[in-house]
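What follows is a set of notes on a single structure, which appears directly below.
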Amino acid sequence: MVSTLELPTPRMEEWRWADMQALRSAAEAEPRVTGLDPADLFLDLDGPRLCFIDGAFEPAHSRPGAVQVTRQIVSSTHPLASLAEGEGWSLHIEPEHAVTAIQIVHLGSGGESHVPARIVLAEDAVASLVETYAGVGWANRLTSISLARGARLMRSVRLLQDEGFVSVRDEAEVGEAASLVSIFLGAGGMGSRIDGALTLTGKGAFAEMGGALLTRGSQRQECAVAVRHEETDGSSRQIWRAVAADKSVASLAARVEVARGAQKTDGEQSLRGLLLDRTATVNLKPELEIFADDVKCAHGATVGELDKNALFYLESRGIDKARATAMLTRSFVADALSRIGEDAVREAFEADADKWLGGTL
Amino acid sequence: MCPGQEFGTQVMLKIDNLRAEVDGKEILRGLSLAVNAGEIHAIMGPNGAGKSTLGYVLGGRPGYAPTGGSVRFDGVDLLELEPHERAAAGLFLGFQYPVEIPGVSNVQFLREALNAQRRGRGEAALSGGEFLKLARAQADALGMDQEMLKRPVNVGFSGGEKKRNEMVQMGIIGPKLAILDETDSGLDIDALKAVGDGINRIMRAPDKAVILITHYQRLLDYVQPDFVHVLEAGRITRTGGPELALQLEREGYGVAA
Ligand SMILES: Nc1ncnc2c1ncn2[C@@H]1O[C@H](COP(=O)(O)OP(=O)(O)O)[C@@H](O)[C@H]1O
Ligand SMILES: [Mg+2]
């Protein structure tokens with residue numbers, strides 16, 4: 001399958017920082033034993049659990065509850081997401097119902113795996129979800145999200161594969177006064193592409209997609225997110241932090257589109273990169289495309305190194321350089337992870353970031 | 001105690017003919033100073049004389065490169081130590097401009113700092129509860145709101161609050177030698193008194209010493225120095241008692257001693 005795969009090329013503007021070579025190598029990698037136990041990849045939360053191993057549902061490690069395992073036909077035209085057909089999962093929640101602490105674990109042992117997911121929340125329904133990617137190989141996912149009036153979804157996704165590649169694509173429609181928050185953490189050794197197209201289709205909708213990408217070695221991770229405001233009074237947030245060490249590359253491309261007539265839109269976009277070594281690279285591409293006149297869009301994009309004054313301040317109080325660097329780096333990504341609403345989930349993600357820092361510095 | 005030395009006259013810090021460069025420019029030009037345990041020394045001098053540079057060189061700040069001379073602290077070669085090792089050895093640097101660190105709380109920072117120093121000295125770390133008790137007591141003594149302990153380090157603090165926070169840190173850490181760089185600048189009279197009281201309470205002891213870098217004589221009304229030195233153009237040019245500070249206040253630095 002891989003040999004015939006038509007991958008995007010760097011000549012395509014939206015893919016110029018994508019590491020398709022890493023994706024191809026991951027897809028072609030021979031399966032191997034990872035030694036990971038799926039049970040260790042779930043957080044200690046009381047909610048539905050689903051485990052996919054190499055893209056196949058694994059009942060022995062699952063208790064799906066309200067989540068259904070289904071085969072799906074995909075209509076996305078996205079070059080990677082369109083491949084994510086076949087067995088996947090779906091969540092449909094009735095009006096005013098809530099399902100929280102859902103966990104999906106994706107464990108790969110090599111080769112490629114494609115899983116589609118669909119989340120449909122009816123009016124005023126509520127859901128929260130944690131996804132974890134671990135192991136090796138190429139994990140390719142499409143998540144289609146549809147939120148009806150007043151629905152709320154909180155989603156936290158951590159990419160912790162040791163190597164290989166994770167590509168995730170979100171396609172979401174956020175209805176009137178509905179709220180979508182998706183926070184990502186890339187803290188493994190894999191390459192990644194986090195791709196999103198969020199559309200605010202209802203008045204007063206809220207959509208947020210953000211997170212932190214931590215890269216080291218020769219790793220490359222990127223996000224490419226577009227948020228489109230089609231109705232009035234919507235707000236959106238894209239708060240991304242990238243930390244790059246060694247010769248790695250982290251890239252953040254984020255776009256806000258405000259359609260004609262989407263007045264009183266409030267868009268916030270903050271892209272910040274931190275270079276831990278001069279040999280590392282952070283690419284930032286903030287974009288605003290605004291066709292309405294009564295709009296507030298705060299945006300900022302900066303790349304820098306750690307504040308030397310702050311480093312010396314910590315060291316002068318007795319903290320050694322590696323630990324001081326870790327503390328400041330952690331505080332750099334804190335804004336992005338603080339968006340995760342549930343304490344236990346946020347703490348788990350912070351612990352993953354700490355583990356990465358411990359292994360890097 | 002070393003043989004032949006009486007209590008209170010042990011040399012804690014001995015700086016001999018110290019030279020140091022910043023950005024390739026020589027700022028300290030043969031500075032010598034000896035500080036005994038139990039003493040408080042004030043260093044005064046015009047802007048740009050090298051007072052802060054002296055503090056940074058002693059603290060080990062990157063970019064402040066010693067190029068000659070020596071510094072012994074409690075018998076060890078201070079200039080050989082990393083900044084965090086100097087702290088563990090008992091050196092505390094009070095910053096002229098304390099740094100804001102968003103995302104790191106004061107308590108987290110200080111607990112980590114104190115325990116790192118304790119480990120460096122082979123002592124057991126303090127538990128969360130023990131540490132909080134200590135931190136609260138020091139905040140109270142300095143008149144700092146308990147809430148500020150939980151806030152990110154110095155973020156949104158006024159100039160006076162930052163300086164009080166430096167003193168709270170000094171109280172928690174309990175150093176042997178404190179080098180306080182213009183801790184009095186930007187303080188109103190209440191804060192000045194609180195800081196002065198803090199210095200006396202924390203550091204006025206037979207086994208401790210203070211180097212007080214200041215521009216004004218007014219802090220010295222609260223903290224009586226044993227010696228006053230004038231630092232000009234990178235070296236100590238005059239030394240006297242508290243009366244020298246009063247004289248400098250009246251006559252400025254231009255007047256011959
Ligand atoms: N980081 C620095 N880079 C360049 N020059 C510096 C730096 N720090 C201090 N200097 C220079 O060193 C000299 C002494 O400065 P400083 O030690 O701050 O003096 P003081 O504290 O006595 O006012 C000044 O000429 C100042 O311009
Ligand atoms: Mg100064």
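Values reported hereafter were calculated over all heavy atoms of this structure, with side chains retained and with hydrogens, waters and symmetry mates removed. Convention: sequence-line order gives letters A, B, ...; per-chain numbering from 1.
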For residues A:Asp46 and A:Ala101, report the shortest heavy-atom separation together with the two atoms involved. O-CB, 3.8 Å

Select one option (side chain, backbone, both, neither) describing which atoms of B:Leu93 are under 4.5 Å from chain A's heavy atoms. both

Using 0.5 Å steps for rounding, measure from the CD1 atom of A:Ile194 to the CG atom of A:Asp170. 9.0 Å

Heavy-atom pair count under 4.5 Å with chain A, highest-scoring of B:Ala88, B:Gly120, B:Gly60: B:Gly60

Lys/Arg N to Asp/Glu carboxylate O, A:Asp266 vs A:Lys296, below 4.0 Å: yes

Hey, could you give me the CG/CG distance between B:Leu28 and B:Leu231, rounded to the nearest 0.5 Å? 7.0 Å

Tell me, for B:Pro98 versus chain A, whether the close heavy atoms (under 4.5 Å) come from the side chain, the backbone, both or neither. both

Name the member of A:Ile319, A:Val333, A:Leu328 that forms the most heavy-atom pairs with chain B at distances under 4.5 Å. A:Ile319

Please examine the side chains of A:Leu306 and A:Phe332, heavy atoms only from C-beta on, and report whether any two atoms are closer than 4.5 Å. no

Please tabulate the donor-acceptor pairs under 3.5 angstrom that span chain A and chain B, backbone and side chains included.
unit_1: A:Asn309; atom_1: OD1; unit_2: B:Arg61; atom_2: NH2; d: 2.2
unit_1: A:Tyr313; atom_1: OH; unit_2: B:Asn154; atom_2: ND2; d: 3.3
unit_1: A:Tyr313; atom_1: OH; unit_2: B:Glu166; atom_2: OE2; d: 2.3
unit_1: A:Tyr313; atom_1: OH; unit_2: B:Gln169; atom_2: NE2; d: 3.1
unit_1: A:Arg317; atom_1: O; unit_2: B:Gln117; atom_2: NE2; d: 2.9
unit_1: A:Arg317; atom_1: NE; unit_2: B:Gln169; atom_2: OE1; d: 2.5
unit_1: A:Arg317; atom_1: NH1; unit_2: B:Leu93; atom_2: O; d: 2.7
unit_1: A:Arg317; atom_1: NH2; unit_2: B:Leu93; atom_2: O; d: 3.0
unit_1: A:Arg317; atom_1: NH2; unit_2: B:Glu166; atom_2: OE1; d: 2.8
unit_1: A:Arg323; atom_1: NE; unit_2: B:Glu112; atom_2: OE2; d: 2.2
unit_1: A:Arg323; atom_1: NH2; unit_2: B:Glu112; atom_2: OE1; d: 3.2
unit_1: A:Arg323; atom_1: NH2; unit_2: B:Glu112; atom_2: OE2; d: 2.9
unit_1: A:Ser331; atom_1: OG; unit_2: B:Pro102; atom_2: O; d: 3.0

About how many Å separate CD1 of A:Ile340 and CG of A:Leu185, when rounded to the nearest 0.5 Å? 7.5 Å

Is A:Leu314 in contact with chain B via its backbone, its side chain, both, or neither, using a 4.5 Å heavy-atom distance? both

Close side-chain approach of A:Arg155 to A:Phe184, heavy-atom, < 4.5 Å: yes

Of B:Pro102, B:Pro83, B:Gly103, the largest count of non-hydrogen pairs under 4.5 angstrom with chain A goes to B:Pro83

How long is the gap from CD1 on B:Ile173 to CG on B:Leu110, to the nearest 0.5 Å? 6.0 Å

Find the distance between CD1 (B:Ile211) and CD1 (B:Ile179) and round it off to the nearest 0.5 Å. 4.5 Å

